[in-house]
2 protein chains.
Amino acid sequence: MSADPIAFRKISKRSQNQKAILEAAEKVFAEAGFAGATTQLIADVAGLPKANVHYYFKTKEELYRRVVYNIFDIWMEAASAFDTELGPREALSRYIDIKMDLARSHPNGSRVWAAEILHGAPIIQDYLEGPLLEWSTDRGKHIERWIANGEMDQIDPAHLLYMIWSTTQHYADFGHQIETLNGSKPLSDEQWQAAKLSVKTIILRGVGLSPD
Amino acid sequence: MSADPIAFRKISKRSQNQKAILEAAEKVFAEAGFAGATTQLIADVAGLPKANVHYYFKTKEELYRRVVYNIFDIWMEAASAFDTELGPREALSRYIDIKMDLARSHPNGSRVWAAEILHGAPIIQDYLEGPLLEWSTDRGKHIERWIANGEMDQIDPAHLLYMIWSTTQHYADFGHQIETLNGSKPLSDEQWQAAKLSVKTIILRGVGLSPD
DNA sequence: ACAATACTTGACCATATAGTCAAAAAATAT
DNA sequence: ATATTTTTTGACTATATGGTCAAGTATTGT
């Protein structure tokens, strides 16, 4: 009939605990940085004794690695939304949308990533030199093709990508500052919509595309 | 005749040491974060024994505060480059230029600031709620006036400011990533010029201004 | 029922580090 | 010259924390 309930429970328990720990870790790393995060606090947030955290993740660094890899995976997944089949207007527009949505739904991931790069990418350097470089050069080529086809303005693709990354991630990484400047209130749904629209409008117009 | 050489030497020694410590601290805080930075390493970088660092700065937190305040001052100084007398094209263009120059000349300051905000601005919160909020609302009003005058496109001033901040600071905060994507070589003078031009072009066109 | 395996957890330890201190050296004032 | 103040510095301490461990408990396989 259905899957073995015992085996299911076993696996479930394991992965449930791991998930709780990883989520707690992401939050704590985001708020305190790698060095400032204590395994004790991660354990508290996850609702487990500290020794249990070390049972699932040998060292704090291993736990941190897992958190960073998770984020990278989510981002690369989102990166596939940059579908070059669609032409520049749709491709950029959708990519910005997804990045903005991620900034809102996954701010801590973005913050951990930002801190990692800030400190020289001690963990993730391989990924920068590998998949990220690959992805960037590939999309860069497509952008250059669009430019050659006269579908958008002449612009260095690298700087366009940096602008999309920085602007969208800013809403996560500097969310606290934005919130403060917003009268110490988180952006409302409407404000998020407005933010997305502003970002898309400026960038698309900025490279010679019509935003609608 | 000239100033008392003894008094001069005395003051000079003090401020020289303090300056060396502050510079070392900025670097170390940028690279390791507040918690990851050790007073020992700061002392080593400054070329002084640790106890001497504590002689000039009572606690690590006080030293960190001083570093963050320094950065804030430099940024507010730069912010005055956003001279609203000039009209939107010149004002925005010059402001972006200055911010890009600061990203290059003072990357560690930018990184410390970024980490501070990332972690919820435990030290600088007052400044966000005070001078920064004031400055932002003031410039926002000017931008709205420009829009009302038909001098630029309709756009939410806040999001325009966020875009300028995020894009320019990205070249400092994510400098390591940019360097990696640039074949692990720092941007050359020409590349920095190109970066500035790209950023200005996209943003100015993006809000309906001609970049030249 | 029994064995074996997986998980839980309080207590513990080794280490790193912020901060102290007292004694000496240097600079300055009288 | 002498007193006074400022600066320097090695040695020390208290504490926080990553990680271990062994004894227990629960779960699963036979």
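Order of the sequence lines sets the chain letters (A, B, ...), proteins ahead of strands, with each chain counted from 1.
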Practice task
Just jot down the ring-ring contact (aromatic ring centres under 6.0 Å, His included) partners of A/Tyr95, sequence neighbours excluded, or say none.
Solution key: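 ring-ring contact (aromatic ring centres under 6.0 Å, His included) check on A/Tyr95 returns A/Phe82, A/Trp135.
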Practice task
Tell me whether the OP1 or OP2 atom of D/dT7 has a side-chain N or O from B/Arg14 closer than 4.0 Å.
Solution key: yes
Kindly list each side-chain donor-acceptor pair under 3.5 angstrom involving residues 110-124 of chain A, sequence neighbours excluded, with atom names and distances?
{"unit_1": "A/Ser110", "atom_1": "OG", "unit_2": "A/Asp173", "atom_2": "OD1", "d": "2.7"}
{"unit_1": "A/Arg111", "atom_1": "NE", "unit_2": "A/Ala172", "atom_2": "O", "d": "3.1"}
{"unit_1": "A/Arg111", "atom_1": "NH1", "unit_2": "A/Asn108", "atom_2": "OD1", "d": "3.0"}
{"unit_1": "A/Arg111", "atom_1": "NH2", "unit_2": "A/Ala172", "atom_2": "O", "d": "3.1"}
{"unit_1": "A/Glu116", "atom_1": "OE1", "unit_2": "A/Tyr64", "atom_2": "OH", "d": "2.6"}
{"unit_1": "A/Glu116", "atom_1": "OE2", "unit_2": "A/Ile123", "atom_2": "N", "d": "2.7"}
{"unit_1": "A/Glu116", "atom_1": "OE2", "unit_2": "A/Ile124", "atom_2": "N", "d": "2.9"}
{"unit_1": "A/His119", "atom_1": "ND1", "unit_2": "A/Ala115", "atom_2": "O", "d": "3.3"}

Those residues that, when tested against [X], pass side-chain hydrogen bond (donor to acceptor under 3.5 Å, both in side chains) (two or more places apart):
{"X": "A/His106", "result": "none"}
{"X": "A/Thr38", "result": "none"}
{"X": "A/Arg89", "result": "none"}
{"X": "A/Glu134", "result": "none"}

Completion exercise
In DNA chain D, consecutive runs of at least three Watson-Crick or G-U pairs below 3.5 Å, as range with range, amount to C:1-30 with D:1-30
Exercise for the section: Give the rounded distance in Å between these two atoms: CD of A/Gln18 and C1' of C/dT8. Expected result: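 So the two atoms are 15 Å apart, to the nearest Å.
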Exercise answer: donor-acceptor pairs, residues 68-76 of chain A side-chain atoms, under 3.5 Å, sequence neighbours excluded:
{"unit_1": "A/Tyr69", "atom_1": "OH", "unit_2": "A/Arg65", "atom_2": "NH1", "d": "3.4"}

Exercise for the section: Mind listing the residues from residues 39-67 of chain A sitting with a heavy atom below 4.0 Å of DNA chain C? Number order is fine. Expected result: A/Pro49, A/Ala51, A/Asn52, A/Tyr55, A/Tyr56
Handout entry: Of residues 21-38 of chain B, the positions that come close to DNA chain C - non-hydrogen atoms, cut-off under 4.0 Å
Key =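 The answer is B/Ala37, B/Thr38.
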Problem - Residue pairs involving residues 191-200 of chain A (criterion salt bridge (charged side-chain N to carboxylate O under 4.0 Å, His left out); sequence neighbours excluded) - result: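 As it turns out, the salt bridge (charged side-chain N to carboxylate O under 4.0 Å, His left out) pairs with a partner in residues 191-200 of chain A, which skip direct neighbours, are A/Asp97-A/Lys196, A/Asp97-A/Lys200, A/Asp101-A/Lys196.
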In a table with atom names and distances, give each donor-acceptor pair under 3.5 Å that connects a side chain of residues 20-27 of chain A to protein atoms at least two apart or in another chain.
{"unit_1": "A/Lys27", "atom_1": "NZ", "unit_2": "A/Glu31", "atom_2": "OE2", "d": "3.2"}

Practice task
For B/Glu62, look at atom CD and say whether over 12 heavy atoms of other residues, nucleotides or ligands are found less than 6.0 Å away.
Solution key: yes
